[in-house]
Every structure is written in structure tokens, then in C-alpha cells.
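Chain identifiers are assigned alphabetically (A, B, ...) following the order of the sequence lines, protein sequences preceding nucleic acid strands; residue numbering begins at 1 within each chain. Values reported hereafter were calculated over all heavy atoms of this structure, with side chains retained and with hydrogens, waters and symmetry mates removed.
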There are 2 protein chains.
Amino acid sequence: MREFKKYSFELDGIDKIILNSLMSNAKTSISKIAKEVGVSSTAIHQRIKKLEASEIIKNPVTPLNYKALGYKTIAYVGIYLEKSVKYQESINEMLKINEIIEAHFTTGNYTVFIKLLCKDNDHLMDVLRNKIQKINGIVRTETIISLEQSISRQIKP
Amino acid sequence: MREFKKYSFELDGIDKIILNSLMSNAKTSISKIAKEVGVSSTAIHQRIKKLEASEIIKNPVTPLNYKALGYKTIAYVGIYLEKSVKYQESINEMLKINEIIEAHFTTGNYTVFIKLLCKDNDHLMDVLRNKIQKINGIVRTETIISLEQSISRQIKP
DNA sequence: CCTGAAATTGCTACGGT
DNA sequence: ACCGTAGCAATTTCAGG
């Protein structure tokens with residue numbers, strides 16, 4: 001019996017052009033890509049379907065401009081967790097905090113490392129004091145505030 | 001003379017439904033949203049135009065599944081920079097390193113804080129030793145490796 | 001992988017409230 | 001300022017080869 005291997009096919013040049021177009025602009029028209037590489041729209045369409053099926057590309061998303069929405073402060077917080085406390089418990093609590101947009105279980109000093117998006121520094125301080133530091137098992141936190149984000153991009157396939 | 005105020009209008013319930021739909025799936029059809037809120041497609045379309053014009057939403061993008069492409073290691077690196085070295089110089093060097101997908105100028109101990117995406121730990125070590133630590137002015141780095149990303153989301157408007 | 005036609009969707013103009 | 005109808009343009013999908 002032949003097994004289906006997820007994630008296992010080679011991307012050729014056409015696939016890479018498709019990926020590079022779609023990753024920077026999900027609305028790139030299929031016909032435009034088709035003209036660029038010199039095949040029919042249908043061919044491009046079929047390849048995109050294949051890339052979706054193999055889960056190499058995900059649903060296109062529309063990024064919000066957080067600054068325009070009033071979220072101007074990006075911060076990272078390293079969290080020291082009591083050994084006795086279950087990691088998943090704290091994650092469950094963090095899921096309830098809207099300002100947390102990323103969380104990682106990490107090596108090194110910190111147990112958990114999170115990324116926060118807040119309106120301003122006051123908002124950040126409020127979230128830290130009244131939400132994060134009240135989570136059971138958190139013994140200490142270290143905050144890194146981003147003064148300027150100078151690089152933000154995806155990796156090229 | 002009347003000044004144009006960027007970013008300054010209130011989002012009503014309909015706008016929020018639009019944003020919530022598009023942010024999670026940029027391909028949500030206008031007509032579907034229209035049915036959901038009970039107005040015409042045109043009305044939704046006009047609102048989307050307005051959201052674009054006011055830069056609240058950006059170009060839709062197609063996220064790549066990095067795991068499927070073989071990138072399985074996420075790491076953060078805190079960088080200590082010599083005072084004598086210009087911040088922008090080091091950023092220019094970092095822009096050349098494909099594996100760096102985010103960089104921040106930060107408060108606290110680190111001068112610069114970056115996010116890296118690598119295929120595996122060997123790849124990470126190679127990038128650290130042979131690319132990052134060779135940048136002029138970097139005196140020390142601290143690496144945080146993500147063993148598991150447990151939260152990854154956007155903020156709800 | 002292609003052609004050609006059908007269906008769905010998105011876009012624009014113009015008018016109404 | 002916001003919404004709708006209607007017609008137009010473009011894109012996506014399907015059939016068959």
C-alpha cells in the first residue's frame with residue numbers, strides 16, 4: 001500500500017514564482033502569473049490547488065495595520081514559571097489575554113516567551129501588572145520593548 | 001485649510017465584521033459578508049475600499065507553511081552592540097541574512113532583538129556563527145530557541 | 001497541460017435616502 | 001455620508017481533449 005507523503009514534493013521554478021507572488025500579495029491574479037511564466041491560467045490554478053493540498057500555503061490573510069488601530073507598542077516578555085506549574089495551564093490563561101499574539105515554550109532561562117501588542121506603554125504596564133503577573137505560577141518576568149521594528153518579512157522559498 | 005487625518009475614523013459593527021472576516025481569510029467573498037450583515041455587496045465593497053484607503057488593512061498575503069518547507073526551528077536572538085557602531089549599519093547587514101525575519105531596536109540589555117527562522121538546529125548554529133556573529137560591532141548574542149509555538153494569532157479589532 | 005465556454009465574483013456608474 | 005440596483009469586466013471553474 002502506497003502511503004501519501006505530506007510535504008514531500010519538489011518545488012520547481014514555476015512553483016517558486018507562484019509562492020513568491022502569493023506570499024507578498026495574495027490577490028496577485030492567476031492570469032498575471034500565467035503570463036509571467038508563459039503557461040495557461042488553468043495550469044497555474046492547478047499548481048496552486050496542489051500547493052494548498054500539500055499544505056505548503058495556508059489561507060490568505062489580510063494583515064491589519066495595528067498602528068492605524070492604535071496599537072503602537074510591541075513588547076516581548078520572558079516568563080519564569082514555577083516548576084510545579086503545568087506549562088499548559090499557563091498557556092490556557094494566556095489565551096484569554098487578547099494582547100498576547102505569540103507564545104513559545106523555550107530553552108534557556110525563560111520557560112515561556114511571549115509577544116505582546118499594546119496601544120501604548122500605559123496599556124503595556126496594565127497588561128503586565130494586572131493580567132500576566134496574576135497568572136498562577138509566574139514568578140518573574142522580563143520585558144523587552146521594541147522602540148522600532150526595522151525588519152519584518154517572510155522567508156523566500 | 002483642512003488637514004487630512006489619516007487613521008481617524010470610528011469602526012462600527014459592520015467594519016469590525018469585515019475586518020474579522022478578512023484578517024482570518026482574505027478570500028472571504030464580499031457577497032458572503034454582505035449576506036451575513038444584511039446589506040448589499042456594494043456597501044461592503046465600499047467599506048473595504050475605505051479601510052484600504054485609510055491604511056487600516058494592508059495587502060492580503062499568503063502565509064507559507066514553513067514547517068512544510070523544512071524550516072522547523074524558530075529562535076530569538078538578543079544582540080549586544082558596541083556603542084561605537086551605528087545601529088543602521090548592523091541592520092543593513094542583517095537585511096542580507098535571509099533567515100532573519102524580524103528585527104527590533106529595543107530597550108533593556110539588548111540593543112537589537114531579532115527573530116530567526118532556520119531549517120534545524122545545525123542550520124541555526126551556522127547562521128549564528130558564520131553570519132550574525134561576523135557582523136561588525138556585535139559583541140555578544142543570547143539565543144532563545146522555541147521548542148514549541150503555542151500561540152500565534154492576530155489581535156481582534 | 002491546453003482551449004473554450006459557463007458560472008461566480010468583483011467592480012463602477014449613477015441614483016436614492 | 002451611506003446604501004442600492006444594474007450592468008460590465010474580470011477571474012475562477014469545468015468539460016473535454
Side-chain angles (χ1 to χ4, degrees), chain A residues 2 4-70 154 157, chain B residues 1-65 68-69 154 156-157:
Chain A
R2 205 174 165 291
F4 173 63
K5 282 198 195 167
K6 222 186 197 180
Y7 305 164
S8 64
F9 68 87
E10 290 299 311
L11 303 174
D12 66 12
I14 296 180
D15 291 318
K16 286 186 183 170
I17 290 174
I18 294 173
L19 291 179
N20 276 307
S21 304
L22 295 183
M23 69 190 259
S24 56
N25 185 358
K27 282 234 162 78
T28 315
S29 73
I30 291 183
S31 51
K32 183 168 166 286
I33 302 174
K35 272 171 207 155
E36 191 180 335
V37 306
V39 300
S40 75
S41 310
T42 319
I44 301 296
H45 186 252
Q46 285 166 350
R47 278 170 183 264
I48 293 176
K49 283 287 171 209
K50 200 171 163 189
L51 291 168
E52 283 167 353
S54 58
E55 291 175 30
I56 286 179
I57 58 183
K58 309 185 200 173
N59 264 354
V61 301
T62 305
L64 305 187
N65 181 348
Y66 289 117
K67 283 189 186 166
L69 290 169
Q154 296 196 64
Chain B
M1 184 178 145
R2 208 176 162 288
E3 235 184 295
F4 173 61
K5 284 198 194 166
K6 221 185 197 179
Y7 304 163
S8 64
F9 68 86
E10 290 299 311
L11 303 175
D12 66 11
I14 297 180
D15 291 319
K16 287 186 182 169
I17 290 174
I18 294 173
L19 291 178
N20 276 308
S21 304
L22 294 184
M23 70 190 259
S24 55
N25 185 358
K27 282 237 162 74
T28 315
S29 76
I30 292 182
S31 50
K32 184 167 165 286
I33 301 174
K35 272 172 206 153
E36 190 181 336
V37 306
V39 298
S40 74
S41 313
T42 318
I44 301 296
H45 184 249
Q46 285 167 348
R47 279 169 181 266
I48 292 176
K49 282 286 170 206
K50 200 172 165 187
L51 291 168
E52 282 167 353
S54 57
E55 292 175 29
I56 287 179
I57 57 182
K58 308 184 200 174
N59 263 354
V61 301
T62 305
L64 305 187
N65 181 347
L69 289 168
Q154 295 196 64
K156 304 218 168 174

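Shown here for B/Leu11 and B/Lys16, the closest heavy-atom pair between the two residues is O-CE, 4.1 Å. Among all heavy-atom pairs drawn from A/Asn59 and B/Ser24, the shortest one is CB-O, 4.2 Å. For the residue pair A/Ser41 and A/Ile30, the shortest heavy atom distance occurs at O-CG2, 3.3 Å. Annotation for B/Ser21 and B/Thr28: closest pair O-OG1, 3.4 Å, computed over non-hydrogen atoms.
DNA chain C lies under 4.0 Å from at least one heavy atom of each of the following residues of residues 31-49 of chain B: B/Ser31, B/Thr42, B/His45. Of the residues in residues 20-30 of chain B, B/Ser29, B/Ile30 come within less than 4.0 Å of DNA chain C through at least one heavy atom, sorted by number.
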Next on the checklist: Let's go through A/Ile57 and A/Ile48 carefully: what are the C-alpha distance in whole Å and the side-chain angles of both, what is the deciding distance for side chain to side chain contact (heavy atoms under 4.5 Å, CB included) to 0.1 Å, and is it a yes or a no?
Outcome noted: CA-CA 9 Å; A/Ile57 58 183; A/Ile48 293 176; 4.2 Å; yes

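Checking side-chain atoms of A/Asn65 against main-chain N and O of B/Glu55 turns up a donor-acceptor pair under 3.5 Å. Checking side-chain atoms of A/Asn20 against main-chain N and O of A/Ile17 turns up no donor-acceptor pair under 3.5 Å.
Distance check: A/Ile33 CD1 to A/Leu19 CG gives 9.5 Å after rounding to the nearest 0.5 Å. Distance check: B/Leu22 CG to B/Lys58 NZ gives 15.0 Å after rounding to the nearest 0.5 Å.
Axis angle, first five pairs versus last five pairs of the helix from C/dC1-D/dG17 to C/dT17-D/dA1: 30°, rounded to 10°.
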